2 protein chains.
Amino acid sequence: MADDLFKALADPTRRTILDELTEKSGQTLFEICSRLSMKHRLGISRQAVSQHLAVLEGAGLVETRREGRYKFHDLNTAPLRRIAERWPVPDPSGTEESTS
Amino acid sequence: MADDLFKALADPTRRTILDELTEKSGQTLFEICSRLSMKHRLGISRQAVSQHLAVLEGAGLVETRREGRYKFHDLNTAPLRRIAERWPVPDPSGTEESTS
DNA sequence: TTGATAGGCAAGTGACTACTTGCCTATGGT
DNA sequence: ACCATAGGCAAGTAGTCACTTGCCTATCAA
């Protein structure tokens, strides 16, 4: 459903996770955890990150593959295409402000 | 900020409102209310729609103009561009972009 | 085997949020 | 003046959500 996609994007921590996976795809849970606490100063438990990843996977934004005791997380931005399809975005005549 | 944008998109009723404004921009509050109940069978109060429109306006997705006792609501999809800018979306299934 | 690492499951809690209810202001028509 | 229309403000409520806590399973190395 479209609902899962937008609900997944609604949380700032999940968007940061997507940013991290954009920078380096195929990270494990612990790798994402340490990056969130190091780079983004996010004091967050492993379980919380795991739950966020489950939501992202439910939205189709993250795909996982298991190898031994490791589980790698890959980014999939394809579902985002439906947003631009649903509400057509005009050409960038004047670029807007930057992201946060 | 970016948070307002994604929070605004997180609600299905607000996304339906965006759909309605995509179809016909410049609607008043009552016009949107009646369309939601007619076309989409949404039993929702006027105040609820008003609050949704305030959230959408806070996200920059809706702009308003007053004329007398009427307040018209216009769609602005420009903020959506930042989503595709933040997480690049691949081209759909092998359609390479050759500038013909 | 033991121990350490990588991850999962489930219940509980606090905060947020969508919606309602009730009352108020402003504009336009008669 | 009157009254209906168009919209706004604020408090209360029920449901959802992010996060924690605690315990469990699976894989690998010694």
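Worth saying up front: this structure is predicted, and the values here are computed from it rather than measured. Residue numbers begin at 1 in each chain, while the letters A, B, ... track the order of the sequences.
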Okay, side chain of [X], backbone of [Y]: is any donor-acceptor separation there less than 3.5 Å?
X: R14(B); Y: A8(B); result: yes
X: T77(A); Y: P88(B); result: yes
X: R66(B); Y: F72(B); result: no
X: D74(A); Y: G26(A); result: yes
X: S50(A); Y: R46(A); result: no

Check your understanding: Does anything in residues 5-16 of chain B reach DNA chain D, meaning a heavy atom under 4.0 Å, and if so which residues?
Key -> none
Point to revise | Within residues 17-31 of chain B, residues whose heavy atoms come under 4.0 Å of DNA chain D | key: T28(B), L29(B), F30(B)
To the nearest angstrom, how far is [X] atom [atom1] from [N] atom [atom2]?
X: Q47(A); N: dT20(D); atom1: CD; atom2: P; answer: 8 Å
X: I44(B); N: dA18(C); atom1: CD1; atom2: P; answer: 10 Å
X: D4(A); N: dT16(D); atom1: CG; atom2: C1'; answer: 14 Å
X: H52(A); N: dC17(D); atom1: NE2; atom2: P; answer: 13 Å
X: R46(A); N: dC9(C); atom1: CZ; atom2: P; answer: 11 Å
X: E57(A); N: dG7(C); atom1: CD; atom2: C1'; answer: 13 Å
X: L36(A); N: dA18(D); atom1: CG; atom2: C1'; answer: 14 Å
X: L42(B); N: dA18(C); atom1: CG; atom2: P; answer: 14 Å

Point to revise | Nearest-nucleotide pick for Q51(A), side chain only, options being dC19(C), dG22(C), dT20(D) | key: dT20(D)
Practice item. Give the intermediate values and the outcome of side-chain contact (heavy atoms from CB on, under 4.5 Å) for residues V55(A) and V62(A). Key: CA-CA 9 Å; V55(A) 173; V62(A) 163; over 6 Å; no
Exercise for review: Could you walk me through whether R35(B) and E23(B) pass the side-chain contact (heavy atoms from CB on, under 4.5 Å) test, one step at a time?
Suggested key: CA-CA 11 Å; R35(B) 279 182 171 238; E23(B) 189 173 301; 3.5 Å; yes
Review point. Does a side-chain N or O from S45(A) land closer than 4.0 Å to OP1 or OP2 of dT20(D), or not?
Key: yes
Check your understanding: Can you tell me if the side-chain N/O atoms of S50(B) get under 4.0 Å from OP1 or OP2 in dG8(D)?
Key -> yes
**Study point:** Positions of residues 59-74 of chain B (non-hydrogen atom under 4.0 Å from DNA chain C), listed by number
**Key:** G68(B), R69(B)
Point to revise | Any side-chain heavy-atom pair of V49(B) and C33(B) under 4.5 Å | key: yes
Review point. Are the side chains of L21(A) and L56(A) in touch, meaning some heavy atoms are under 4.5 Å apart?
Key: no
**Study point:** Nearest-0.5 Å distance, CG of residue L5(B) to CG of residue L80(B)
**Key:** 6.0 Å
Check your understanding: Hey, is R15(B) close enough to E20(B) for a salt bridge, meaning N to O under 4.0 Å?
Key -> no
